[in-house]
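We name chains A, B, ... by the order of the sequence lines, and we start the count at 1 in each one. Computed from a prediction, not measured in an experiment: that's the story for all the values here.
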Protein chains: 2
Amino acid sequence: MESRCENCIIRQFNSLRAMSKEELKKVSDSKTTKTIKKGEPIFEEGEKLNGVYCVRNGVSKLSKLSANGKDQIVKLASKGEVLGQRSVISQESTNLSAIAVDDMEVCFIPKESITNTLQTNPNFTLEVLRHMAHDLKEADDVIVNISQKTVKQRMAEAFLYLQNNFGEDADGFLALTLSREDISNVVGTATESAIRIISEFKKKGLIHTSGKKIGIKDERKLLEMVEGF
Amino acid sequence: MESRCENCIIRQFNSLRAMSKEELKKVSDSKTTKTIKKGEPIFEEGEKLNGVYCVRNGVSKLSKLSANGKDQIVKLASKGEVLGQRSVISQESTNLSAIAVDDMEVCFIPKESITNTLQTNPNFTLEVLRHMAHDLKEADDVIVNISQKTVKQRMAEAFLYLQNNFGEDADGFLALTLSREDISNVVGTATESAIRIISEFKKKGLIHTSGKKIGIKDERKLLEMVEGF
DNA sequence: CTAAAAATATGATATTTATCAGTAAATGGT
DNA sequence: ACCATTTACTGATAAATATCATATTTTTAG
């Protein structure tokens with residue numbers, strides 16, 4: 001509430017850094033900060049969004065419900081990511097739900113601030129475009145992975161991904177703790193299968209666990225597994 | 001060769017329509033037209049691109065090779081689509097190969113014409129952004145489909161997709177004829193599995209075939225299958 | 001037109017993965 | 001701290017899919 005976008009360090013991580021001082025001032029004046037509790041939605045699939053959400057703290061899962069009642073998690077978004085951008089740009093309702101995996105703090109920015117700037121500041125538009133291009137590349141990679149790798153390989157990859165993107169805590173566990181169900185929804189498999197593979201990895205000494213926390217024990221072997229050795 | 005972008009009707013389908021007359025003139029002066037034979041690449045995964053390719057005729061598959069030697073086709077691009085845009089925008093080498101499925105005619109546009117316009121014409125940038133946003137949505141949908149639907153459902157979906165996007169010929173066959181292998185690479189399954197399902201669909205009266213041509217016979221049942229009935 | 005190569009097709013089988021059933025452990029609310 | 005509820009885990013089994021082998025058809029090159 002008190003803090004101004006102009007001073008917000010989070011900005012450096014996303015396309016808002018390409019805004020001019022004046023544009024940023026407007027954004028700051030119109031934004032509102034929200035806290036979202038673990039498990040609560042920021043928005044849900046099919047909703048019309050009146051703005052975007054800039055993540056200040058915590059992690060959100062972007063997922064889509066399929067006909068059989070299972071969620072597929074398409075992306076995990078954390079500090080600095082802007083949610084709902086795609087939807088605001090295409091003026092369509094959202095394709096994905098955004099649900100808090102952690103307790104979160106996000107800034108809601110009304111869409112006018114964004115769309116106005118998109119029409120007048122090519123640097124900003126280009127910056128948004130670059131981010132979108134990056135997301136598209138990642139999405140393409142996910143498609144190839146899901147269809148060409150086994151569940152075991154994708155599980156290994158998921159753990160390495162979590163390590164690279166969210167780091168580890170003091171005890172060597174992955175800093176982002178997901179439920180087994182969330183893990184299975186990232187990987188695109190049945191929850192029981194995910195659990196089974198976790199047990200197997202544990203037996204083989206690739207990972208160690210404590211409650212729902214998971215730690216990586218043998219990074220090299222996990223990497224080899226991803227590559228198919 | 002003789003034709004000018006200013007007069008090119010293809011332009012209406014892609015982001016080039018947001019260019020000014022002068023910008024288009026520059027593009028037209030710098031572009032070169034190429035013909036690509038069926039099976040030949042326009043560019044290959046990992047290449048650095050010096051420009052983008054605007055499809056005038058024919059269809060290209062955008063695919064990525066996975067560790068196990070199988071291609072995954074991420075998208076089929078036809079008339080009006082601009083290939084290599086993502087790569088030029090992010091200034092990275094291409095993530096995907098583009099291979100002609102048909103005999104093709106494409107216009108190569110050097111990247112300078114594009115990047116210059118991106119920096120100066122916000123309408124153009126916004127238009128590109130909208131296209132990219134659309135592609136990203138489609139990619140997300142593919143992710144959900146691949147991980148949550150059975151091979152059979154995805155096969156049914158693929159046929160309907162081909163019908164919707166490329167139409168049918170006079171005899172009621174899908175206008176775009178893909179090899180069984182290409183079909184399996186779109187769907188993300190083994191070629192034998194794809195063939196088996198084609199046989200099954202044929203027996204059930206959902207489709208009919210003649211050589212490698214496939215025609216849709218019972219659209220309603222295919223749709224129901226996709227939905228999981 | 002014909003031989004060779006490639007693509008399509010089908011059967012048998014192995015492997016992977018999902019589903020169902022049930023138990024154990026962890027978590028949250030009062 | 002205790003009960004209720006959710007989450008994690010394990011086994012048995014079924015279903016989906018891949019793989020291997022091989023036959024047939026189609027396409028291509030000469």
Side-chain angles (χ1 to χ4, degrees), chain A residues 37-40 61 66-72 99 101-103 145-156 158 173-174 177-204 207-215 225 228, chain B residues 37-40 66-72 101-103 145-158 173-174 177-204 207-215 225-226 228:
Chain A
K37 289 233 179 67
K38 182 177 172 170
E40 284 177 358
K61 55 178 174 181
S66 68
N68 63 22
K70 283 208 59 160
D71 270 322
Q72 173 66 30
I99 295 170
V101 169
D102 273 333
D103 287 347
N145 271 338
I146 280 199
S147 70
Q148 305 288 6
K149 291 189 175 149
T150 64
V151 173
K152 224 174 276 184
Q153 288 177 304
R154 284 182 271 143
M155 286 286 290
F173 292 107
L174 295 172
T177 304
L178 294 175
S179 71
R180 303 299 195 243
E181 192 181 359
D182 278 343
I183 292 176
S184 76
N185 289 343
V186 167
V187 168
T189 190
T191 306
E192 297 95 323
S193 298
I195 290 174
R196 238 179 274 279
I197 289 171
I198 289 171
S199 302
E200 190 190 323
F201 282 7
K202 222 161 62 174
K203 268 185 206 140
K204 286 190 184 161
I207 60 174
H208 56 116
T209 70
S210 164
K212 49 177 53 180
K213 282 190 203 158
I214 293 175
M225 176 169 285
Chain B
K37 289 233 178 68
K38 181 177 172 171
E40 283 177 0
S66 68
N68 62 22
K70 283 208 60 160
D71 270 324
Q72 173 66 29
V101 168
D102 272 335
D103 286 347
N145 271 338
I146 280 199
S147 69
Q148 305 287 8
K149 290 189 175 150
T150 65
V151 173
K152 223 174 278 186
Q153 287 177 304
R154 283 181 272 143
M155 286 286 290
E157 194 160 43
F173 291 107
L174 294 172
T177 304
L178 294 175
S179 71
R180 303 299 196 245
E181 192 181 359
D182 278 344
I183 293 176
S184 76
N185 289 343
V186 167
V187 168
T189 189
T191 307
E192 296 96 322
S193 298
I195 290 173
R196 237 180 275 279
I197 289 171
I198 289 171
S199 301
E200 191 191 323
F201 282 7
K202 220 160 64 172
K203 267 184 208 143
K204 287 190 183 160
I207 61 174
H208 57 116
T209 69
S210 164
K212 49 178 51 179
K213 282 190 203 158
I214 293 175
M225 178 169 284
V226 172

Asks: Rounded to the Å, how far apart are B/Glu181 CD and C/dA5 C1'?
Replies: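 Distance check: B/Glu181 CD to C/dA5 C1' gives 15 Å.
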
Asks: Separation of A/Arg180 atom CZ from C/dT27 atom P, in whole Å?
Replies: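 Spelled out: CZ on A/Arg180 to P on C/dT27 is 11 Å.
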
Asks: Just by protein heavy atoms under 4.0 Å, how would nucleotides 19-30 of chain D read 5' to 3' in B, S and -?
Replies: BB----------

Asks: Scan B/Val186, B/Thr150, B/Val226, B/Ile183 and name whichever one has a side chain to side chain contact (heavy atoms under 4.5 Å, CB included) with B/Met155.
Replies: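 The option that passes is B/Ile183.
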
Asks: How close or far is atom C1' of C/dT10 from atom CD of B/Glu200, stated in whole angstroms?
Replies: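 So the CD-C1' distance, B/Glu200 to C/dT10, works out to 13 Å.
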
Asks: How close or far is atom C1' of C/dT8 from atom CG of B/Asp182, stated in whole angstroms?
Replies: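 Rounded to whole Å, this separation is 14 Å.
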
Asks: For B/Lys149 and A/Thr191, find the nucleotide of DNA chain D closest to each by heavy atoms; which residue's nucleotide sits nearer the 5' end?
Replies: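 The 5'-side residue here is A/Thr191.
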
Asks: Which donor-acceptor pairs under 3.5 Å do the side chains of residues 191-199 of chain B make with protein atoms, sequence neighbours left out?
Replies:
| residue | atom | partner | partner atom | Å |
| --- | --- | --- | --- | --- |
| B/Thr191 | OG1 | B/Ser184 | OG | 3.3 |
| B/Ser199 | OG | B/Ile195 | O | 3.2 |

Asks: Indicate yes or no for a side-chain donor-acceptor contact from B/Glu40 to the backbone of B/Asp103 under 3.5 Å, with no hydrogens or angles considered.
Replies: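 Looks like no, no N/O pair under 3.5 Å.
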
Asks: How many angstroms lie between NZ in B/Lys37 and CG in B/Asp102, if you round to the nearest 0.5 Å?
Replies: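 Spacing of NZ (B/Lys37) from CG (B/Asp102) equals 14.0 Å.
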
Asks: Closest heavy-atom contact between A/Lys149 and A/Arg154?
Replies: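 Taking every non-hydrogen atom into account, O-NE, 3.3 Å.
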
Asks: I need the minimum non-hydrogen distance between B/Lys212 and B/Ser179, along with the two atoms involved.
Replies: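 Looking at all heavy atoms of both residues, the shortest contact is NZ-CB, 4.2 Å.
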
Asks: Starting from C1' on D/dC9, measure out to CD1 on A/Ile207 and report it in whole angstrom.
Replies: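 Rounded to whole Å, this separation is 13 Å.
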
Asks: Taking CG from B/Leu178 and P from C/dT8, how many angstroms apart are they, rounded to a whole number?
Replies: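 Rounding to the nearest Å, CG of B/Leu178 and P of C/dT8 are 10 Å apart.
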
Asks: Could you state the atom-to-atom distance from CD1 of B/Ile183 to P of C/dA7 in whole Å?
Replies: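 To the nearest whole Å, that distance equals 14 Å.
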
Asks: To the nearest Å, how far apart are A/Lys213 NZ and D/dC9 P?
Replies: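 Rounded to the whole Å, the gap is 14 Å.
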
